[in-house]
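Predicted, not measured: the structure shown is a model, and the values here were computed from it. So that the names make sense, note that chain A is the first sequence line, chain B the second, and so on, each numbered from 1.
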Amino acid sequence: MTDNEPRDFIRKIIYDDLESGKHTGIVTRFPPEPNGYLHIGHVMAICLDFGVAAETGGKTFLRLDDTNPGKESPEFVQAIKDDVHWLGFDWGDRLTHASDYFDHLHESAIRLIEMGAAYVDSLSAEAIREHRGTLTKPGTNSPFRDRSVEENLDLFSRMYAGEFADGEHVLRAKIDMASPNMNLRDPAIYRIRHIPHQNAGDKWCIYPMYDFAHGLSDAYEGITHSLCTLEFEDHRPLYDWFLDQLKPEHRPRQIEFSRLNLAYTITSKRKLKMLVDEGIVSDWDDPRMPTISGMRRRGYPPEALREFVKRAGVTKKDKLIEMGALENCVRETLGDSAPRRMAVLRPLKVVLTNYPEDQVESMEAMNHPGNPDFGTRALPFSRELWIDQDDFMEEAPRKFFRLKPGGEVRLRFGYIIRCDEVIKNDAGEVFELRCSYDPDTRSGTGKSDRKVKGTIHWVSCQHAIDASVRLYDRLFNDANPNMADDFHSVLNASSLEVVAAKLEPSLAAGDDAVQFERLGYFSVDAQDSTPDAPVFNRIVTLRDSWAKLEKQALQK
RNA sequence: UGGGGCGUAGCCAAGUGGUAAGGCAUCGGGUUUUGAUCCCGUGUAUCGCAGGUUCGAAUCCUGCCGCCCCAGCCA
C-alpha cells in the first residue's frame, strides 16, 4: 500500500472498504467499447482501474463492451489489447466481453418481464421520443406499457426468434415516465438488430443496451468498484435499479470521476474517427493523434503517460490540462533514457578553409552528458560540415550567441570556428559559410582555454546520412477544440512539417528514442522507415529559452 | 426554466472548523562544450460571490452566480 501518499477520493473509498472489511479483495474492470482506438483520456481510466487493483493485490478485467454490433470490430479489439499491454498492464486470463454474458442477460430480461418490471413497446422510435417528454416536461406512458406478462413474454420470445424487423419492437424497463431523471423514463433495454456481432457471430438479433448490460456484467464478474466518467453519474440510479430488481450475488458500486481533457486536442472517438476517415491524419496511429497508438508511434514512453495521469490526479472537476504538462513528462523520462546524437534538420554548408582537404578526424562524443554509463562514440570530422540554418544569422541581435559574420562559435565535440565569409545564391539566400577553425581548440585536448559563448551541433558532409524527419505540432489552434462547433475550423494547417535532414553516421543503427542535441527527442518511424530511406519522428522538442526570448522580442 | 455534478494561483491539486501542501508553468540567479539537464530562489490565491453561525470558516448554514452533463432503439 502507498501510505503517506495523498490518495484520491476513489482510492479513499476503496481503501476504506478494505479496512472496514466490506470487501476482502478489490476487483475492477476497464470496459472500452471496441468501436475505435484508445486515447489519452482512456490512459487515465486504465491507470486507475488497473492501478488501484494492482496496489491492493486485486484483479482487473479487460472487458470489451460490445453491445452495439455494427460499430464494433475485431480490429479495434486487437488495438485495445495492444495498447493496454504497451501501457504496462496485464489482465491475465480476465479478457471478457459483454457479449460473453448475452445468455445471462437474456434470461435476466425475461425475469424482469415476469416480475412486471419490463415490457415490450411497439411504438416507433420517433413516437417513443415524443412520449419521453423534455427536460422540464414529464413523459407520458406508452399505450403498450400495460401489456400482460404473457403477452410481453410472447412478444419478447418472438423478438428473439427473429420474427420482427429492426425497430418494430423494443423491450423497456418499466420505471417512471415522469422521473426528473431522463434515464429513468422507461429506458430501452433490448433492441432488434439483424446484424452479425463481432464476437457472438450470428447467434443474436436482439442486443442489450449499455445500461442493462453494464451493471449486470459487473455483477457477474464480481466487480467491487465500477469506475467510470462523470457523464454516467445520471445513470447510477438506473445501474442500481437493475441490481435492486435482479439481486445478483455480487453487488458492484459505480463511482464516477471526471474525464481528462488535453488542451489543443480532442478526445472524442467520433471526432477522432472523422480525422481518420477524412484523411486529415494518416490513420488512428498518426503520431499527431492523441491515441495511445499514435503516441506510441510518435515515441512517447509508456512511463511518461503513466506519470502524466498520476500528476493530473483523480477528481470530479472538469479538467483541461496543458499540453506542456504531458510534454514535460515525456522530456523527463527521455532525458534520462535517450542517448544523445547529432543531426541537422535544415542544412547549411560550412567549409573550413584552413582545414586540410582530405583530412578526417575522429571526435569522441559523450552519449549522455549526465550519465557516463552511456559511454562515448566516434564522430567523423572533416573540412565540409552541415550546420543548422537556425544557428546562423547574418544580422544577429546582441544576445544571439551562435554563428554570425566575423563571429565565433564552438562546434560541439569539435573546434572553435570563425565565420569569415557568407556566400549567397542568385536569389540572395545564404548558401554557404566560409569559416576558419582554430587547431588549438580541439575538444578535450586542453590545449587552449578559450571560451566562446555558443556551442552548435554539426554533421560531417561526406559522412552524413540522409533522412526524412517529421516535425509535429499540435493538431488544433484552439485550446479546447472539444467545444468548437466544428473542429475543422480550428485545425492547425501546419501540424506536420517534413524536412530533409543530415544525420551523424551512428544513427544508421536505428535505436529507440534518441536526443538530437539542442533539438529534441526523435525516434525511428516504425512503419515508414527503411534502411535506405530512414524516417524519424520528432517526439518532442527540448525546452528552448532562446525561442522564448525571440517570441517575447516579437511581442514588444 | 426539471434532474445530476463541479467551482482553491496560468494549468492540475491537497485540505473536511484553528489561520492555504505539492506538482507543472512563470519570473529571477548559479553551474554547463546541448540557450538542454541540474541546482537555488520566486506566488499579497479577496479558497466563485453575498450574507450568517463561531473566539476562529476554504471547511458549517442560507441565498445567489458561473461552468459541465442528461431528452440514442450509442457507450
Tell me: CZ of A:Arg341 to C1' of B:rA36, nearest whole Å?
17 Å
Whole angstrom value for the distance that separates C1' of B:rG72 from NE2 of A:His131
18 Å
Students often mix this up, so state it plainly: with edges at 30° and 60°, are the rings of A:Phe516 and A:Phe536 parallel, tilted or perpendicular?
tilted
What integer distance in Å separates A:Glu233:CD from B:rC68:P?
16 Å
Spacing of the P atoms in B:rC70 and B:rG28 (rounded, Å)
44 Å
For B:rG66 versus B:rC47, give the span between their C1' atoms, rounded off to a whole number of Å.
16 Å
Taking the P atom in each of B:rA45 and B:rC69, what is the distance between them to the nearest angstrom?
32 Å
Identity of whatever pairs with B:rU34 - Watson-Crick or G-U, under 3.5 angstrom
none
If we take the P atom in both B:rC12 and B:rG72, what is their distance in whole Å?
31 Å
Protein-nucleotide distance (A:Asn328, atom CG; B:rC38, atom C1'), rounded to Å:
14 Å
Checking only heavy atoms, does the side chain of A:Ser443 share a donor-acceptor pair with the base of B:rU33 at less than 3.5 Å?
yes
Taking a pair as Watson-Crick or G-U wobble with both distances under 3.5 Å, which nucleotide is matched to B:rU26?
none
Starting at CZ of A:Phe308 and ending at C1' of B:rC12, how long is that distance when rounded to a whole Å?
9 Å
Please state how far atom CD in A:Glu168 lies from atom P in B:rC73, giving the value in whole angstrom units.
17 Å
So which one's nearest nucleotide on RNA chain B is more toward 5', A:Thr445 or A:Leu542?
A:Thr445
Between A:Phe9 and A:Gln515, name the one whose nearest nucleotide on RNA chain B is closer to the 5' end.
A:Phe9
For B:rG51 versus B:rG18, give the span between their C1' atoms, rounded off to a whole number of Å.
23 Å
Take atom CD of A:Glu322 and atom P of B:rG10, then tell me their distance rounded to the nearest Å.
11 Å
Geometric class of the A:Trp284/A:Tyr37 ring pair [parallel <30°, tilted 30-60°, perpendicular >60°]
parallel
Rounded to the Å, how far apart are A:Met366 CE and B:rA36 P?
16 Å
Of the listed nucleotides (B:rG2, B:rC70, B:rA75), which one gets closest to any side-chain atom of A:Asp234?
B:rC70
If the plane angle is over 60° it's perpendicular, under 30° parallel, otherwise tilted; pick one for A:Tyr210 and A:His214.
tilted
Distance check, C1' atoms only: B:rG7 and B:rA13, in whole angstrom units.
14 Å
